[in-house]
Visitor: 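Below you will find the structure I want to go over with you.
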Amino acid sequence: MNKLQFHPCGNFRESYYEEIRIFETDFGRLWMLIGLMLLFVVIPFISSPYMLYVLNTMGIYAIAAIGLNLLIGYTGQISLGHGAFFGVGAYTAAILATRAGFPFLLAVPAAGLVTAAVGMVFGLPTARLKHLYLCIATLAGQFILEYVFVQWERLTGGAEGIVVSEASIFGIGLGDDRVFYYVIFVCFVVMIWIAVNLIRTRYGRAFIAIRDNDRAAEGMGIPIFSYKLLSFAISSFYAGFAGALYAYYMMCITPEPFNLWLSIEFIAMIIIGGLGSIPGSVFGSIFIVGLSEILSHITQYLMNVGDTGMGITIAPLREFIFGLAIVLFIIFEPKGLAEVWRIIRSNFRLWPFSY
Amino acid sequence: MENNIRLLLNNISVVYSDVIQVLKGVSLTVKKGQIVSLLGSNGAGKTTTLKAVSGLLKPENGKVTEGSIEYDGSPVQNSSPEEITRKGIIQVLEGRQEFKYLTVEENLRVGTATRWGKPYKKDLEMVYHYFPALLARKGNLAGYCSGGELQMLVMGRGLMAQPKLLLLDEPSLGLAPLLVKEIFQIIRRVNNELGTTLMLVEQNANMALQIAHYGYVMENGKIVMESDAEDLRENPDVKEFYLGTAATGTLKSYKDVKSYKRRKRWL
Amino acid sequence: MEFFLQLLVNGLSLGFLYAVSALGFVMIFKSSSVLNFAHGELLAIGAFMFLVLSAWAKLPIILAFAITMIGSFALGFVVERLFLRPLIGEALIEVIMLTVGLAIMFKGIMLFIFGGDIHDYPKFLPEGLSMEWGAIQIPSVYVATFVIGILFLIIFGLFFKYSSQGIYMRSVADNQPAALSLGVHVKRVFALSWAIAALVCAMSGIVLGIINGVNVHELSSIGLKVFPVVILGGLDSIGGAIIGGVIIGLLETFTGGYISTSLREVIPYIVLVIILMVRPYGLFGLVEIERV
């Protein structure tokens, strides 16, 4: 049994191993255990059905946001098409389940893989394009995929969409929100674990090198094109995986949710949460989903309390506040909620001697 | 006596990003109508000194933390480049920063930014008078000009602003010896005929000291030697380290070369 | 054949509209390299300003137009000052998301005030402008658009090519540190380019409003249509934007006329992807002059 490790009061790292490890102290491990206990034992049993619905949505979006953060925050490649990638995952899972009769456990990863392939196709322009040209190319990808969702009626059911039957694992039905909660958050934890560890490997370091300076990275012998493609693939896998979960959770999918607005919401999540930070993506998705739920509650309340006309005219203000939140975050806290969290934490951990 | 001073740097320190101190108490004086050259090896802080004067430290996250810079008697340290250029200090950047997609004449016209709206035809003629090579290429995109033409272009662009003090950063960089000679002759003519005060940062100490009136030698962010240009030219240390000719004028043996660290008396 | 010619005329007019509405976008990109996602909303704001002044306040058309122009010029100035200036030097994604945030905000406000319905301007264009060629008709609005567009292009072309302020704006786009060293007021150039862009946007917004009626959703989706147009023409050339606009307009009407109306909406993006694969800097963009 090695001895308990406390936080040092400065940077005293002696090896690269110490630099890349996940938990700096044993308390970190402890806190993680407490967090997992809360997540799996306490929260599902104290939440109302509505809360469970909100939490599930947050979990699904968080998985996609983590994937997008790997791409934008770590590799520095901008994608405006993740809303559509999310949709590709959802449609693939739905089609595999209804047409080919894939079981849940197979359909979800398969959807992830198919989306990864689609993501790679739209990542191909990275070979020659950078920055805003790439940004526009992925925007075009978003529109093209949206078109495919609506128009390829034989496969996607067009505007009417596809109805997915209840998923089951080993004969246990997943129709209940609480059961599905476990499915989502087990996936969530696994996906976080993969992402955190991916960044510590040579692949993660290559991604970061490409983000910071791709010419220099190429000079260091990193094949940047294949790594950029890999990053697109991994990121789309996350999006597709989350999309598949979404399809099973909603049990009915139509083309509407997977529009440009969703892509923007994903980017807003990682910007508000913090670019290049895994916890940041989670904070961001909590923030965005929470914000839109609160805003829709307010409008609903106003509709019930006074005249309905008031509620309808107020509704666009939701969008306004949403936009305002993005703008304020970018101007005043460009490093996002992750930075706020870090500041709060570092104030506590050295307490009472904060210097 | 006081009126005669164009620029006075009084013990200035410059720090980049709040941590890297580059200048450590530099003081120097530039008299009106003179050419003052600033010599020193790479990284000595010559360019930083110029940028401190012209206000271009700010975009690079640098700051004058101590001391004062007086221009014609009024303090200008840490002012914005927009203000400083409007007072008549123009810096010609190192490495020929031309506007690639503008034609030669349009490049020159950007030089009028400090006095927007005033007529500029006379100045154009003046620049073409000093740099006839530019006249022939005035309709061409600057991106397709040769190195020598570009150096003339950026200097002419500086002159378009009718500067009272022109800061030149390495005008000889990467040019053929004959061209260097030509450019330095033009610098001297500008100084003589227009009365522009010039501050010149150079690696080519030989040329710089030939046209300068006064010289400073910098090392590690400090001024280590100052004198009239002629004296500096004769100084044995300067001769050895910057002019590349030993006192005897013959090649020295390896043993002597090795001892040179000790002989830099100011370190 | 007549069908073909009518499509050709429609495509050209539509393309010209796109080109005119892309001008403001190119302006901002050229001077400050900002990709403006709030472009469609700027169009809409201009259109609504004119609507309020002409249809609701019943001002004379010329006066309403002049006030709209001044108002949107001021708006562009304020937007740059409040939102974009703090971000000078930040990463691309943050600047892009800022304009996205602005777009959402503007859209929210406009929906709040005007709702999602289509509003119409009072009729003020003389009917005599419309042209007829056998069976082919060009309505007067298109003729007016064409004239206004050409006029604008010439004015801005001259402004950028010959005026000192235009040259300063180009110099900032070209080499910012050098422009700074010569005393070009870089921040003023940014502010000015946003102001001019907002003005041009208002102008094109009004034109679009005359043709299709004023509607928030419609106008903001045209803001996204600008991307294929400018990429096709090269992000930084105004002449390219015109050609890009015309190509996209023709593509859309011909696809709509001969293949299917649903494909019409995506065809610009499909072409966009192909163009980006083949010629990353657009058909008419500047080839980078690199010196080693």
Side-chain angles (χ1 to χ4, degrees), chain B residues 50-51 54-61 80-103 105-120 141-147 150 153-154 157-163 167 169 174, chain C residues 26-27 29-33 81 85-90 157-193 233-240 281-282 284-292:
Chain B
L50 288 195
K51 286 189 172 165
S54 62
L56 290 175
L57 284 178
K58 238 183 212 173
E60 298 178 2
N61 211 355
S80 72
E82 287 90 355
E83 289 169 48
I84 292 177
T85 46
R86 273 162 187 72
K87 286 181 175 168
I89 304 180
I90 296 287
Q91 178 176 2
V92 176
L93 295 174
E94 182 179 6
R96 300 192 273 281
Q97 304 278 341
E98 80 283 4
F99 301 115
K100 290 194 191 77
Y101 303 110
L102 271 59
T103 65
E105 184 152 325
E106 285 167 351
N107 260 279
L108 293 176
R109 282 183 64 188
V110 179
T112 62
T114 51
R115 49 196 182 88
W116 172 50
K118 308 260 166 57
Y120 56 87
L141 280 190
Y144 295 121
C145 287
S146 74
L150 287 180
L153 175 62
V154 293
R157 207 170 60 184
L159 285 178
M160 287 295 287
Q162 301 179 338
L167 310 172
D169 200 346
Chain C
V26 173
M27 190 98 56
F29 183 79
K30 235 175 127 94
S31 71
S32 56
S33 314
R81 193 62 244 242
R85 184 146 319 164
L87 283 195
I88 290 178
E90 293 289 336
L158 292 176
F159 173 76
F160 275 115
K161 184 70 195 161
Y162 296 109
S163 83
S164 292
Q165 206 63 30
I167 290 179
Y168 302 156
M169 286 173 83
R170 276 159 63 207
S171 79
V172 170
D174 195 321
N175 186 338
Q176 209 170 309
L180 209 56
S181 81
L182 288 164
V184 177
H185 227 299
V186 173
K187 287 173 186 163
R188 196 177 291 162
V189 164
F190 287 167
L192 191 68
S193 60
L235 267 169
D236 37 20
S237 90
I238 289 184
Y281 294 100
F284 306 97
L286 287 169
V287 179
E288 218 166 312
I289 303 176
E290 278 194 60
R291 300 180 64 93
V292 185

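So you know, we letter chains A, B, ... as the sequences are listed, proteins then strands, and number each from 1.
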Visitor: Can you tell if the side chain of B:Q97 reaches within under 4.5 Å of the side chain of C:S181, non-hydrogen atoms only?
Guide: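 No - every pair of side-chain heavy atoms lies 4.5 Å or more apart.
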Visitor: Answer yes or no: are there more than 12 heavy-atom neighbours, outside C:R81 itself, under 6.0 Å from its atom CZ?
Guide: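 For C:R81, atom CZ is not crowded (no more than 12 foreign heavy atoms under 6.0 Å).
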Visitor: A side-chain contact here means heavy atoms from C-beta on lying under 4.5 Å apart; do B:F99 and C:L182 qualify?
Guide: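 Result yes, sub-4.5 Å side-chain heavy-atom pair found.
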Visitor: Report the distance from atom CG of B:L102 to atom CG of C:N175, rounding to the nearest 0.5 Å.
Guide: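 Answer rounded to 0.5 Å: 10.5 Å.
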Visitor: Chain C: which of B:S80, B:P163, B:A113 shares the most heavy-atom pairs with it under 4.5 Å?
Guide: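 Winner by heavy-atom pair count: B:A113.
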Visitor: Taking atom types as modelled, is there a side-chain donor on C:Y168 or B:T112 under 3.5 Å from an acceptor on the other?
Guide: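 Side-chain D/A pair, C:Y168 to B:T112: present.
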Visitor: Quick one: which residues of residues 184-193 of chain C reach chain B at under 4.5 angstrom, heavy atoms only?
Guide: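 Interface residues of residues 184-193 of chain C: C:V184, C:H185, C:V186.
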Visitor: Could you tell me which of C:A173, C:P177, C:A178 has the largest number of non-hydrogen atom pairs under 4.5 Å with chain B?
Guide: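 When all of C:A173, C:P177, C:A178 are compared, C:A178 has the most.
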Visitor: Which bit of C:Q165 is near chain B, if near means a heavy-atom gap under 4.5 Å: side chain, backbone, both or neither?
Guide: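 Both backbone and side chain.
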Visitor: If I measure from the heavy atoms of chain C, does B:R86 come under 4.5 Å with its side chain, its backbone, both, or neither?
Guide: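 Only the side chain of B:R86 comes within 4.5 Å of chain C.
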Visitor: Quick check for you: among B:L167, B:T114, B:V110, B:V154, which has the greatest number of heavy-atom pairs under 4.5 Å with chain C?
Guide: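 Winner by heavy-atom pair count: B:V110.
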Visitor: For C:F159, does the CZ atom have more than 12 heavy-atom neighbours from other residues, nucleotides or ligands under 6.0 Å away?
Guide: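 Counting neighbours around CZ of C:F159, more than 12 heavy atoms of other residues, nucleotides or ligands fall under 6.0 Å, so yes.
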Visitor: In terms of heavy-atom pairs under 4.5 Å, which option from B:M160, B:R157, B:Q91 contacts chain C the most?
Guide: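 When all of B:M160, B:R157, B:Q91 are compared, B:R157 has the most.
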Visitor: Does any non-hydrogen side-chain atom of C:L180 lie less than 4.5 Å from one of B:L56?
Guide: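 The answer is yes, as the side chains (C-beta and beyond) meet within the 4.5 Å cut-off.
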Visitor: For B:E106, what residues pass the salt bridge (Lys or Arg N to Asp or Glu O under 4.0 Å) criterion, not counting sequence neighbours?
Guide: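 Here the qualifying residues are C:K161, C:R170.
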